[in-house]
Amino acid sequence: MTVGNERLFSVRQEQLTRDDYYTPAWIFERMGLTFDIDVCAPPGGIEWLPAVRYFTQEDDGLLQPWEGRVWMNPPYSQATPWVRKFIEHRHGVALLGHAKSAWHNLLWATDAAIVVPQAYFNFVGGPSGGSIFTPVFFAAFGEECIDAVRQLGPVRRIA
């Protein structure tokens, strides 16, 4: 996906950014899924994230075809194009922060399953040591993904 005439990510990621907050391993252990693609991975991927392959900033996951079950913890500073593509793909799990934005309303108008995790968690890494400014939730499409997020809290079907 491009913004104007430029790629969303025009440079290779050489260091951590303000968007580098990684999902803790216990989330994946509890869900018990293997993902086909982590669409928003840091360089080298995340060793505890059970994905067969991953797209980095250099790959620009928005420009790549998404196939199979996806994991998405997008850059929260520019979540809109990621959420739109996740909605179009309709197979996977996304970890998102509640936000006053158009994408939030788009997602809530779908048949996604939503889970607000019962256990508070800090992300791994990040400039603030893992704590972020907003509550998070999981969105899932696909029955096996919905069953997996049930392990994190009560599921709400929104449409």
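Count residues from 1 along the sequence.
Between Pro42 and Tyr22, the shortest heavy-atom distance links the atoms CB-OH, 3.4 Å. The two atoms that bring Pro65 and Ile37 nearest to each other are O-CD1, 4.2 Å, heavy atoms only. Across every non-hydrogen atom of Glu67 and Arg53, the tightest pair is OE1-NH2, 3.9 Å. When all heavy atoms of Ile87 and Phe141 are compared, the pair lying nearest together is CA-CE1, 4.1 Å. Listed here is the closest heavy atom pair of Ala139 and Leu107: CB-CD2, 3.8 Å.
Under the 4.5 Å side-chain heavy-atom criterion for grouping Ile, Leu, Val, Met, Phe, Trp and Tyr, Val70 is not connected to Val52 through any hydrophobic cluster.
Side-chain rings of Tyr54 and Phe35 stay apart, their centers remaining 6.0 Å or farther from each other. Remark: aromatic rings of Phe137 and His104 are close, center separation under 6.0 Å.
Interatomic distance, CG of Asp38 versus CZ of Phe55, reported as 9.5 Å (0.5 Å rounding). The structure places CZ of Phe86 at 7.5 Å from CH2 of Trp66, a figure rounded to the nearest 0.5 Å. If you take CD1 on Ile27 and CD on Gln151, they are separated by 11.5 Å, rounding to the nearest 0.5 Å. Rounding to the nearest 0.5 Å gives a distance of 12.5 Å between OG1 of Thr110 and CD of Glu88.
Taking 4.5 Å as the limit, some side-chain heavy atom of Val136 sits within range of a side-chain heavy atom of Leu95. Side-chain contact between Val93 and Met72: absent, with no pair of heavy atoms (C-beta onward) separated by less than 4.5 Å. Side-chain contact check for Phe28 versus Leu33: every heavy-atom pair is 4.5 Å or farther apart. At least one side-chain heavy atom of Cys40 sits less than 4.5 Å from a side-chain heavy atom of Trp82. The shortest distance between side-chain heavy atoms of Glu58 and Pro43 does not fall below 4.5 Å. Annotation: side chain of Val115 is not in contact with side chain of Arg156 (no heavy-atom distance under 4.5 Å). Counting only heavy atoms from C-beta outward, the side chains of Met31 and Leu152 approach each other to under 4.5 Å. At a threshold of 4.5 Å between non-hydrogen side-chain atoms, the residues Pro74 and Leu96 count as touching.
The backbone N or O of Thr23 lies less than 3.5 Å from a partner atom in the side chain of Trp48, making a donor-acceptor pair. Between the side chain of Asp59 and the backbone N or O of Thr56 there is at least one donor-acceptor pair closer than 3.5 Å.
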For Val39 and Trp71: C-alpha separation, side-chain torsions, deciding distance, then whether side-chain contact (heavy atoms from CB on, under 4.5 Å) applies.
CA-CA 6 Å; Val39 297; Trp71 167 256; over 6 Å; no
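A salt bridge (Lys or Arg N to Asp or Glu O under 4.0 Å) check over residues 134-155, counting only residues at least two apart or in different chains, returns the pairs Arg69-Glu144, Glu143-Arg157, Asp147-Arg150.
With salt bridges taken as basic N to acidic carboxylate O contacts below 4.0 Å, one links Arg90 and Asp111.
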